[in-house]
Amino acid sequence: MSGTIKVLNVAEKPSVAKSVSGILSRNQALRVRDGRSRYNRIFEFNYSIRGQPCHMLFTSVTGHLMELEFEDRFRKWHSCDPLDLYHAPVRKFVPEDKLDIKRTLEEEARRCQWLVLWLDCDREGENIAFEVINVCRAVNRHLTIRRARFSALIDREIHHAMQNLIDPNPWFSDAVDARQEIDLRIGASFTRFQTMLLRDKFVIDSATDDRNLVLSYGPCQFATLGFVVERYWEVQSHEPEEFWTINCSHRSDEGVATFNWMRGHLFDYTCAVIVYEMCVQEPTATVTKVQHKEKLKYPPYPLNTIELEKRASRYFRMSSEHTMKVAEELYQAGFISYPRTETDCFSSRTDLHAIVQEQQGHPDWGSYAQRLLDPETGLWRNPGSGGHDDKAHPPIHPTKFSTGEHGWSQDHRTLYELVVRHFLACVSQPAVGAETTVEIDIAGELFSASGRVILERNYLDVYRYESWGGSMIPTYTVGQQFAPASLTLDTGVTRPPPLLSEADLLSCMDKAGIGTDATMHDHIKKLLDRFYATKDSNTRFSPTNLGEALVMGYDDMGYELWKPNLRSMMEFDMKEVSVGNKSKDEVLATCLQQMKACFFDARLNKVKLLEAMAVFFERSNRAVGGDNYAAGEVVRQCDLCQESSMVLKKNRDGNFMVGCSGFPQCRNAIWLPGSILEAAVTSNICSSCNPGPVYLIQFKFLQIEIPPGFNANHLGCIGGCDDTLRQLIEICGTGSRMSARGRGPTTTSSNGQRSSNRHNGCVHCQQTGHSSNDCPSQFSRSRNSQSHTHSENGDPSVSCSTCGMPCVLRTANTANNRGRKFYSCPSQECNFFIWEDGVSNGNDGRSIPSTNCSASNSGRRGGRGQSGRNRSHAADTTFVSATGDPVSNRCYVCGDPSHFANVCPNRGM
DNA sequence: GCAAGGTC
């Protein structure tokens, strides 16, 4: 067919591909074939777009085609500081289970000239459209790309959409991209942080195996939890208050009427008694007002997802999650319309009568359907509108008649019945009632009674879930007087509000914009799955200890991370992006910057979380392993890798250091004096160090290990400006590579060059804590040691026989001497070494043998000043292991030549 | 192992 173009059409789900294909082809010459994905078939037919003959291929995806994830090196929980997740690179990719769909799209796109996107017309749909565009355009750069805009699967609308194609809207898609990225970064960072902080520190008895417990955080799940906790606290904090009220009854031939005091109740007993005694003294009642009024009780609006969930919970105590599962199955089998819809008004184009007609044969509600269709009954009424329309799906309604199918569970029957009865109710007249209100006066106090007679039941006949209580009261006339049958002063107490029911919770979420119609039930289920909340047999939610502790912890910090505001603000920003008022990048930058600061602050205040947990849980004895990042407090951004953060940590030997959380990719580290007893990052920022912020650290030194004149408490900066800290490091040495006995005042003045290095700090990075030679940014260089073996406490002190520098205590890692300690000169220029046990035995030092040492006794030279000057010594002296493999004398963990890996302070990070 | 959002 000359001039015919091939058009690839893609819908968001298979059912839409099928429906639209059926409408466009008018079911004429419609062919179907399988794609690579078993769910997403391909429909083929011919069509003409504005006179252009087209061969149409119509397939679908199943929701999002792509996922957003961190790049691999950030995906493991201990791969980085959770703070890094605010700027770690992310990527979009097609997950394994969607690859078949991707391949279908690629294959079909290659042979098409046009791509028409039939994704749902909402923000998520637009984002999925761009996912499809990316996949298709990657294999066919010449594709003409158009968007079909439709709001219902109705013939006229679909043909109109096809003839009036528009451009896809990148702003809508951008809003979703921003939402995804923010959700991922916030969720992952807080989840890792609180899980690693709390899981191993407490015996969390709610979980079967708390080692695998994940204490997840998400803007939706925590807001949902917040509603539960807030109501629970309200209930807990309620203090019953006694009140008094006066009740009056009257009996006549027609029956009994109960009159309520129009003041309601009084909390002041004396006042109540005074009023009551006045009434008792003059008890005659005079009727002051009789009012008759017609009242209407309207049927519900057309059914959307949230109402379906709420009503199923209220009427049948069915969980929202189960409701959606059953509804999905009914939808898949064609009995009800699409169950995930916000829309609660029918389009004027919907043939409502046809839907009712289908139900006429049902044994239970068929006769009601017949009455509805009979104009003489006057029962029909065009349905009201709840004011919501997602422009993508109609309200939930029956699409196929059934009296119950083989294989349906009771829940399938119940839910189908609800959908049908709800629909029939929507198109029915409201119930009509006559209400009578009577007011009386006793000694100047007013009382009222009311009664109701239902005149027409109308929709209530089919909507049996609702009732409208009728109550009769006797006939009264104004001016009539009577003596009350009873006049009592009654007492009662105020009651707390009830715990939130599932329907209440859904209402709270809906009102605050937490989740979507398709996901709200997931968030509720997540609270149960994470052991954050429980649900009782009345569908009422209480927080567990865990849920309450988490909310309490954040609340004590003063954060509203558990309130819906965060999501609302995000939602506002998303809206701004979707209408083009703000750019995606702008919103991402602002939001993530704020959340990062919030995360940082939350971590500084983590003690609040720990305290809140301690209220409910026993401390655990379990060893905490691999939790350095959770324990580490951020001091500044790493100026070496520029990606991760420098965090204050304690090494295994108990000494403090500030290291890059990007380890081992980045080995930036600042070693702090071993004489530090306590160190904690504060929220104070150094005013002189750049790039900032550099947070000051509150140090507490062991007084006896620092010279007179220095204060044991010091608010210090590791950014390079802090002379006091520099001096203390110089005087005390660092605690990183030596055992405690290596600490103490040293003979640094004996080595002018070394002393000079320290005073000047590192020439590469300007930081204290290491010398220029030690700078992690200069790893190929040899380094001087900062450790000292001279001591004042009687421990051996060994100096290099060549240069006189204090030696470093190391541990051999060779086959013959593994674990044996020896001293060696920190300078790479000298080869001096001596076994530790040799020192105590009074042996002389010896130099490291030139080759094949294996730390054996060979190559002994003995005597000071004779160490291997005759040997050309490279920075990396090679040892040979027992297996003959060369072993570097640098630590294989951090590359530091002053120690071996078995004593590496960074091991196990 | 982490979010929330689509959908099967």
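Just so it is clear: chains get the letters A, B, ... in the order the sequence lines come, proteins before strands, and each one is counted from 1.
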Participant: Indicate, with a heavy-atom threshold strictly under 4.0 Å, whether A:Arg185 touches base, sugar-phosphate, or nothing.
Facilitator: nothing
Participant: Would you mind telling me which of B:dT7, B:dC2, B:dA3 lies closest to the side-chain atoms of A:Pro219?
Facilitator: B:dA3
Participant: Tell me what A:Ser37 touches on the nucleic acid: a base, only sugar-phosphate, or nothing, going by heavy atoms under 4.0 Å.
Facilitator: nothing
Participant: Please determine whether a side-chain nitrogen or oxygen atom of A:Thr519 lies at a distance below 4.0 Å from atom OP1 or OP2 of B:dG5.
Facilitator: yes
Participant: Using a heavy-atom cut-off of under 4.0 Å over every strand shown, decide if A:Leu184 touches base, sugar-phosphate, or nothing.
Facilitator: base
Participant: In whole angstroms, how far is the C1' atom of B:dG5 from the CG atom of A:Leu68?
Facilitator: 12 Å
Participant: Compare the aromatic ring of A:Tyr217 with the six-membered base ring of B:dA3 and state whether they stack according to the 5.5 Å and 30° rule.
Facilitator: no
Participant: At 4.0 Å (heavy atoms only), tell me whether A:Tyr338 reaches a base, stays on the sugar-phosphate, or touches nothing.
Facilitator: sugar-phosphate
Participant: Just checking A:Gly515: base, sugar-phosphate only, or nothing, at a heavy-atom cut-off of under 4.0 Å?
Facilitator: sugar-phosphate
Participant: Please determine if a side-chain N or O atom of A:Arg75 lies less than 4.0 Å away from the OP1 or OP2 oxygen of B:dC2.
Facilitator: no
Participant: Rounded to whole Å, how long is the line connecting atom CG of A:Asp120 with atom C1' of B:dT7?
Facilitator: 10 Å
Participant: Taking salt bridge (charged side-chain N to carboxylate O under 4.0 Å, His left out) as the cut-off, I'd like each qualifying pair that reaches into residues 569-591 of chain A, sequence neighbours left out, listed once.
Facilitator: A:Arg123-A:Glu571, A:Asp177-A:Lys584, A:Asp573-A:Lys582
Participant: Let's test your reading of the model: under 3.5 Å, does the base of B:dC2 pair with the side chain of A:Glu69 as donor and acceptor?
Facilitator: yes
Participant: Is A:Thr516 near enough to B:dG6 that one of its side-chain N or O atoms lies under 4.0 angstrom from OP1 or OP2?
Facilitator: yes
Participant: Is there a donor-acceptor contact under 3.5 Å from the side chain of A:Ser313 to the main chain of A:Glu309?
Facilitator: no
Participant: Below 4.0 angstrom from OP1 or OP2 of B:dG1, is there any side-chain N or O of A:Ser216?
Facilitator: no
Participant: Return the nearest nucleotide to the side chain of A:Cys220; candidates are B:dG6, B:dC2, B:dG5.
Facilitator: B:dG5
Participant: Kindly say if A:Arg530 contacts the phosphate of B:dC2, meaning a side-chain N or O under 4.0 Å from OP1 or OP2.
Facilitator: yes
Participant: Would you say A:Lys526 reaches B:dA3's phosphate, i.e. side-chain N/O to OP1/OP2 under 4.0 Å?
Facilitator: yes
Participant: Does OP1 or OP2 of B:dA4 have a side-chain N or O of A:His64 closer than 4.0 Å?
Facilitator: no
Participant: Just checking, is any N or O donor in the side chain of A:His388 or A:Asn304 under 3.5 Å from an acceptor N or O on the other one?
Facilitator: no
Participant: For A:Arg567, answer base if it contacts any base atom (sugar-phosphate contacts may also be present), sugar-phosphate if it contacts only those atoms, and nothing otherwise; contact means non-hydrogen atoms under 4.0 Å.
Facilitator: sugar-phosphate
Participant: Backbone N or O of A:Leu85 within a donor-acceptor pair of the A:Arg185 side chain at under 3.5 Å?
Facilitator: yes
Participant: How many whole angstroms separate atom CD of A:Gln180 from atom P of B:dC2?
Facilitator: 18 Å
Participant: What pairs with A:Glu328 under side-chain contact (heavy atoms from CB on, under 4.5 Å), at least two apart in sequence or on another chain?
Facilitator: A:Tyr331, A:Gln332, A:Pro339, A:Arg340
Participant: Between atom NZ in A:Lys325 and atom C1' in B:dT7, what is the gap in whole Å?
Facilitator: 16 Å
